[in-house]
Engineer: 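Following this message is one structure expressed as structure tokens.
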Amino acid sequence: MGGNVLVTGGAGYIGSVTARAFARSGRRVVVLDDFSTGHADNVRWGPLVTGDIADKDLVRGLVRDAQITAVVHFAAKALVGESVRDPALYDHWNREKTEALVEVCAEGGVSAFVFSSTCAVYGTPDQVPIPVAHDRAPVNPYGVSKARCEDAIAGSGMPHALLRYFNAAGAVPAARLGERHDPETHLIPLTLRARVTGNPLTIFGTDYPTPDGTCIRDYIHVLDLADAHLRALAHLEAGQPSGAWNLGTGGGASVREVIQAVERVTEGKVPVQEGVRREGDPAALVADARSAERDLGWHPAHSELDRIVADAWAYERGDVA
Ligand code: UFG
């Protein structure tokens, strides 16, 4: 079994679920997080180091002293709207900090680097489902910053896996891990809140060229994302080639279909109001993830929409059974 795994951003949503998965697979995990958005009670599967991924002395010492052989890098800012308002913030927090991290990891002899990337690197696709070989042409500063991170990692010489997530969703209620963003901007938690509070969910646009007029996204359960990181690391540690992989189901759900799923699962009505389009939203983003299945043996086993919603609902309600 390989050496120790450093998980940056391991106090966040996807990072914490992935740290848990590595620990359950028998790997020793060290979390590095600055708590700019993470939660201390998400770190339960290994030692925590509080600090900045761009603090080169800190990371150099950590890689050496904790005998880190693999890095799984989540720590990032990930709000498209915020990136449009403040591109420099994203260039600094994502690109610059990742470049510093990558430099120190490469110098320190890290032999596998797994990166939390995004379908936002594709921009508005001219082919859906989107193949992993699709040109990268991000349309917002968040996507640009992640594409630059991919470039830095690919240029580092370290064996690497660039994992481009589609819409991360769901939760692990039994472990009390799920989406806790502030502010929350994501569709499923907001729909669940509308169901609970009675304050209507705004549907951002009903005039898209999709069957019901609302945007289609490829929702992928956070447990399946975590599993892909384990598989990507095993792939690299087996000496298989570096690369990029899409992580999605290959199917999509519209905003209205998500609302219907919430109504089915929660057995109640979600109040909605129809609003205007949100700037920068492509009509449909669906993954062609066949290369992840072929190369990594990955299958999104938990990503049926009602299962995603049921887990998110159980998490919101605090059910841990
Ligand atoms: N939506 C609404 N009402 C809301 C919130 C969202 O109608 O109150 C719609 C959006 O317009 C979109 C869909 O629900 O069509 C999903 O929106 P999310 O904000 O949940 O997710 P995004 O698809 O915008 O964003 C996700 C990730 C980003 C990533 C992006 C890639 O959260 O990190 O996919 O495009 F960059």
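All ligand and atom numbering here is 1-based and tracks the order in the structure. These values consider heavy atoms only, across backbone and side chains, with no hydrogens, waters or symmetry-generated copies.
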Engineer: Evaluate the salt bridge (Lys or Arg N to Asp or Glu O under 4.0 Å) criterion for residues R180 and D41: first the C-alpha distance (whole Å), next the side-chain angles of each, then the deciding distance (0.1 Å), finally the verdict.
Structural biologist: CA-CA 12 Å; R180 257 197 284 172; D41 60 350; 3.0 Å; yes
Engineer: With hydrophobic residues grouped by side-chain heavy-atom distances under 4.5 Å, do V262 and V222 end up in a single group?
Structural biologist: no
Engineer: Would the number of heavy atoms belonging to other residues, nucleotides or ligands and lying under 6.0 Å from CD of Q67 be above 12?
Structural biologist: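 Open.
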Engineer: Give the cluster check for L163 versus I220: same hydrophobic cluster or not, with ILVMFWY residues linked at side-chain heavy-atom distances below 4.5 Å.
Structural biologist: yes
Engineer: Is it the case that one hydrophobic cluster holds both Y142 and Y122, taking links as side-chain heavy atoms less than 4.5 Å apart, direct or via other members?
Structural biologist: no
Engineer: Taking atom types as modelled and ignoring hydrogens, do the side chains of Y219 and T249 form a donor-acceptor contact shorter than 3.5 angstrom?
Structural biologist: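 No.
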Engineer: Under a 4.0 Å heavy-atom cut-off, which residues neighbour ligand 1?
Structural biologist: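 Correct list: A78, V80, T118, C119, A120, Y142, N167, T185, H186, L187, L190, L201, T202, I203, F204, C215, R217, Y219, V255, R278, D281, L285.
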